[in-house]
Amino acid sequence: MAFETLGETRSHGGTQGVYRHASTATGTSMTFAVFVPEHTAGARLPVLWYLSGLTCTHANVMDKGEYRAACAELGVVFIAPDTSPRGEGVPDDAAYDFGQGAGFYVDATEAPWAENFRMRSYIEDELPALVAAGFPVDMERQGITGHSMGGHGALTIALRNAGRFRSVSAFAPIVAPMQVPWGEKALGGFLGPDRAAWRGYDACALIADGARIAEILVDQGEGDNFLGEQLRPELLAEACSAAGIDLTLRLQPGYDHSYGFISTFMADHVAWHAARLG
């Protein structure tokens, strides 16, 4: 469970760190970022996981997400993993929406991806165990959020792990990857042609199949150029309505898919999670 500290800096009274470890899930080294607010000795703080979108690493939200002030004020640890395995010998694809930087938070079953692209196991099992052992966190008080592909990851991980997360939110998530080009490409490439195997990685399908969480907060920019073809939040609204899940879907006029959008509403999401994490 050892990890290497790549760097730590003081921010808003707390510590922003970047760390690296050898992952058994992916067979590679993996880098992740953690912000720990100032706290009393021995305290265990609630945790908010943030899963990034296509092409991103841990660094995108760390540099542009503007979460630290809110996390420091509310006493929430913020964890930002990478989006895929990386490095020499790791399979890749020339396109931005598949391969390195685009792991889609699945455990791949198709060659050549299956050996390294096990992001579901990494995010659900390996990294939480590492964080629990190495940081002052209360794993009984976890929330999860993410952007775009990471919003897809946050929703599906929460739906598959009933009771693990007290709060779930997303920024412009891919809610129905089985019904949009990004998802069809990724799920087909990583999992093969059997669409039944895809259902565990589709929030709307999981809900239709009986998975439940109490409530979800989603912010979506109305000026997002991916809105109609790739994101389709109306499908999540329909699924939640049919299942009795309390969905707050906020359509934000003029906002696009960028970190300008995410950073604008990040403090709202941190506060929303903090209220539920206690």
Side-chain angles (χ1 to χ4, degrees), residues 20 23 25-33 49-65 79-124 126-127 144-157 160 170-193 195 197-206 224-227 229-232 256-259 261-262:
R20 180 170 59 202
S23 168
T26 68
T28 68
S29 65
M30 295 293 291
T31 302
F32 63 100
W49 296 86
Y50 176 89
L51 305 183
S52 292
L54 288 166
T55 75
C56 292
T57 71
H58 68 282
N60 295 78
V61 70
M62 190 177 75
D63 294 342
K64 298 183 284 188
I79 303 173
D82 202 347
T83 54
S84 79
R86 301 176 191 270
E88 186 177 352
V90 177
D92 200 6
D93 188 272
Y96 77 95
D97 56 358
F98 190 69
Q100 293 190 38
F104 270 83
Y105 304 99
V106 308
D107 277 359
T109 56
E110 295 294 294
W113 314 101
E115 182 175 352
N116 302 116
F117 281 76
R118 299 183 54 79
M119 289 302 293
R120 172 180 178 172
S121 293
Y122 180 69
I123 298 295
E124 288 187 357
E126 184 177 17
L127 187 57
I144 190 167
T145 188
H147 170 233
S148 193
M149 179 186 73
H152 141 77
L155 294 174
T156 55
I157 288 168
R160 286 194 306 263
F171 301 87
I174 306 169
V175 304
M178 294 179 67
Q179 302 183 57
V180 303
W182 274 343
E184 289 187 316
K185 177 178 180 178
L187 298 181
F190 287 131
L191 304 176
R195 294 177 68 92
W198 301 6
R199 296 186 69 84
Y201 297 104
D202 181 301
C204 290
L206 282 164
D224 190 324
N225 59 320
F226 300 115
L227 177 57
E229 182 181 29
Q230 304 282 13
L231 305 179
R232 304 194 62 189
D256 61 14
H257 202 67
S258 72
Y259 268 89
F261 158 65
I262 298 166

How many angstroms lie between CZ in Arg232 and SG in Cys204, if you round to the nearest 0.5 Å? 9.0 Å
Restricting to pairs with a member in residues 53-65, which pass salt bridge (charged side-chain N to carboxylate O under 4.0 Å, His left out), not counting sequence neighbours? none
Applying side-chain contact (heavy atoms from CB on, under 4.5 Å), run through Glu124 and Ile157 and close with a yes or a no. CA-CA 7 Å; Glu124 288 187 357; Ile157 288 168; 3.9 Å; yes
Minimum heavy-atom distance between Asn116 and Pro91, given as atom pair plus value: OD1-CD, 3.4 Å
Going through the checks in order, is the side-chain contact (heavy atoms from CB on, under 4.5 Å) test met by Asp224 and His257? CA-CA 5 Å; Asp224 190 324; His257 202 67; 2.5 Å; yes
Using the ring pair (Phe, Tyr, Trp, His ring centres under 6.0 Å) criterion, which residues pair with His58? Sequence neighbours excluded. none
Indicate yes or no: at least one non-hydrogen side-chain atom of Ile123 is less than 4.5 angstrom from one of Leu51. yes
Identify the two heavy atoms, one from Ala108 and one from Leu191, that lie closest to each other, and give their separation to 0.1 Å. CA-CD2, 4.3 Å
Answer whether the closest heavy-atom distance between the side chains of Ile144 and Tyr50 falls below 4.5 Å. no
At their closest point, which heavy atom of Tyr105 faces which heavy atom of Thr83, and how far apart are they? OH-CG2, 3.5 Å
Ser52 side chain to His147 side chain, donor-acceptor N/O pair below 3.5 angstrom: no
Quiz: residues 178-186 side-chain donor-acceptor pairs under 3.5 angstrom, not counting sequence neighbours:
from	atom 1	to	atom 2	distance (Å)
Trp182	NE1	Tyr96	OH	3.0
Glu184	OE2	Arg195	NH1	3.4
Lys185	NZ	Asp97	OD1	2.7

Check this for me, if you would: do Arg118 and Glu126 make a salt bridge, where the nitrogen-to-carboxylate-oxygen distance has to be below 4.0 angstrom? no
Ignoring hydrogens and geometry, is there a side-chain-to-backbone donor-acceptor pair from Asp92 to Gly99 under 3.5 Å? no
For the pair Gln230 (side chain) and Ile174 (backbone), establish whether a donor and an acceptor sit closer than 3.5 Å, ignoring hydrogens and angles. no
Do Leu127 and Trp49 make a side-chain contact, defined as non-hydrogen atoms from C-beta onward lying under 4.5 Å apart? yes
Do Ser29 and Arg20 come close enough that some side-chain heavy atom pair is under 4.5 Å? yes
First locate atom CE of Met149, then atom OG1 of Thr55, and finally report the distance between them rounded to the nearest 0.5 Å. 8.0 Å
Could you give me the CA-CA distance, side-chain angles and deciding distance for Ser121 and Asp107, then say whether side-chain hydrogen bond (donor to acceptor under 3.5 Å, both in side chains) is met? CA-CA 7 Å; Ser121 293; Asp107 277 359; 2.5 Å; yes
Check Leu54 against Ala102 and note the closest heavy-atom contact, atom names and distance. CD2-CB, 3.4 Å
Smallest heavy-atom separation, Met30 atom then Ser84 atom, equals CE-O, 3.6 Å
No-hydrogen, no-angle side-chain donor-acceptor test under 3.5 Å, Thr31 and Asp82: no
If you look at every heavy atom in Thr57 and Asn60, which pair is closest and at what distance? N-OD1, 2.9 Å
If you define the side chain from C-beta out and look only at heavy atoms, does anything of Trp198 sit under 4.5 Å from Pro177? no
So, using ring pair (Phe, Tyr, Trp, His ring centres under 6.0 Å) as the criterion, who are the partners of Phe261 when residues are at least two apart? Phe265
Residues which pass ring pair (Phe, Tyr, Trp, His ring centres under 6.0 Å) with Trp113, listed by chain and number, not counting sequence neighbours: Phe98, Phe117, Phe190
Is Leu231 close to Val175 at the side-chain level, that is, under 4.5 Å between some pair of heavy atoms? no
Non-neighbouring partners of Phe171 that pass ring pair (Phe, Tyr, Trp, His ring centres under 6.0 Å), sequence neighbours left out: His269
For Gly150, does its backbone N or O pair with a side-chain atom of Ser148 as donor and acceptor, under 3.5 Å? no
